[in-house]
Amino acid sequence: SQKIEQNSEALNIQEGKTATLTCNYTNYSPAYLQWYRQDPGRGPVFLLLIRENEKEKRKERLKVTFDTTLKQSLFHITASQPADSATYLCALSRRRSNDYKLSFGAGTTVTVRA
Amino acid sequence: NAGVTQTPKFQVLKTGQSMTLQCAQDMNHNSMYWYRQDPGMGLRLIYYSASEGTTDKGEVPNGYNVSRLNKREFSLRLESAAPSQTSVYFCASKGTGGPTDTQYFGPGTRLTVL
């Protein structure tokens, strides 16, 4: 069966350190992988997209890698700040029928301590 | 722009009652989606609409129906609510059927079925 697995444990880190989140998948051949941020009581918000032929993507303090051989994506938050505290979701994009749909992991909750 | 709006924000139902969750977007998007989010699980797709006038089942459609009223609005109906439908429901929209399109989410409806 198809599975998307993110860090099962919540991540607690000190301000200024780098947070690294993992997204592993099985039985998928995604064309694209996306990362979303979700704050408590709110809907997810898009952060970054990476294509299957890209190894790395950066946006400000965020960096995403995508290894289709390992079937894994890593999401890094560098120089973390308390405002980065949230749940981060990875999502795989695949073409199904007449649309590209997303399949989501359960998310990893990050808490950054001041 | 309001983006994606959902009503109501909270709802408590008794088993067997029916209700309709409303969703509207003002971004002129073609595709709209309904997800449910349960603790420890990723967002799961209930139904989607790739364009006005079309709807299709997602991963967990049983117990739900949808209506794409027009390009802006996509409603989700529970005909006979069950405790297993206690969840947070998110509506999302996406511009086109393209693979790099990202989804924009509403704030969610928190539904409890007693």
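Note that the coordinates shown come from a computational prediction; the quantities given were computed from them, not determined experimentally.
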Decide yes or no for [X] and [Y]: does some side-chain heavy atom of the first lie under 4.5 Å from some side-chain heavy atom of the second?
X         : Y         : answer
Leu45(B)  : Phe104(A) : no
Phe90(B)  : Gln38(A)  : yes
Tyr104(B) : Phe46(A)  : no

- [ ] Would you kindly confirm whether Leu62(A) and Leu49(A) end up in one hydrophobic cluster when ILVMFWY residues are joined by side chain heavy atoms under 4.5 Å apart?
- [x]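 They do not share one cluster, since no chain of ILVMFWY contacts under 4.5 Å joins Leu62(A) to Leu49(A).
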
Open item on the list: Would you say Tyr32(A) ends up clustered with Leu21(A) if hydrophobic residues are merged whenever their side chains have heavy atoms under 4.5 Å apart, either directly or through other cluster members?
Closed with: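 They do not share one cluster, since no chain of ILVMFWY contacts under 4.5 Å joins Leu21(A) to Tyr32(A).
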
TODO: Please report the closest heavy-atom contact between Ala106(A) and Gly40(B), naming both atoms and the distance.
DONE: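 The pair with the smallest heavy-atom distance is CB-O, 3.5 Å.
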
- [ ] Enter the distance from Arg44(B):CZ to Ser103(A):OG here, rounded to the nearest 0.5 Å.
- [x]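 Spacing of CZ (Arg44(B)) from OG (Ser103(A)) equals 12.5 Å.
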
TODO: Calculate, to the nearest 0.5 Å, the distance between atoms OH and CG belonging to Tyr35(B) and Leu102(A) respectively.
DONE: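 These two atoms lie 5.0 Å from each other.
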
TODO: Answer yes or no for Lys101(A) and Tyr48(B): cation-pi contact, defined as NZ/CZ to six-membered ring centre under 6.0 Å and angle to ring axis within 45°.
DONE: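 Cation-pi check for Lys101(A) and Tyr48(B): passes.
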
[X] portion near chain A, given a 4.5 angstrom heavy-atom threshold:
X         : value
Gln103(B) : both
Arg110(B) : side chain
Leu43(B)  : both

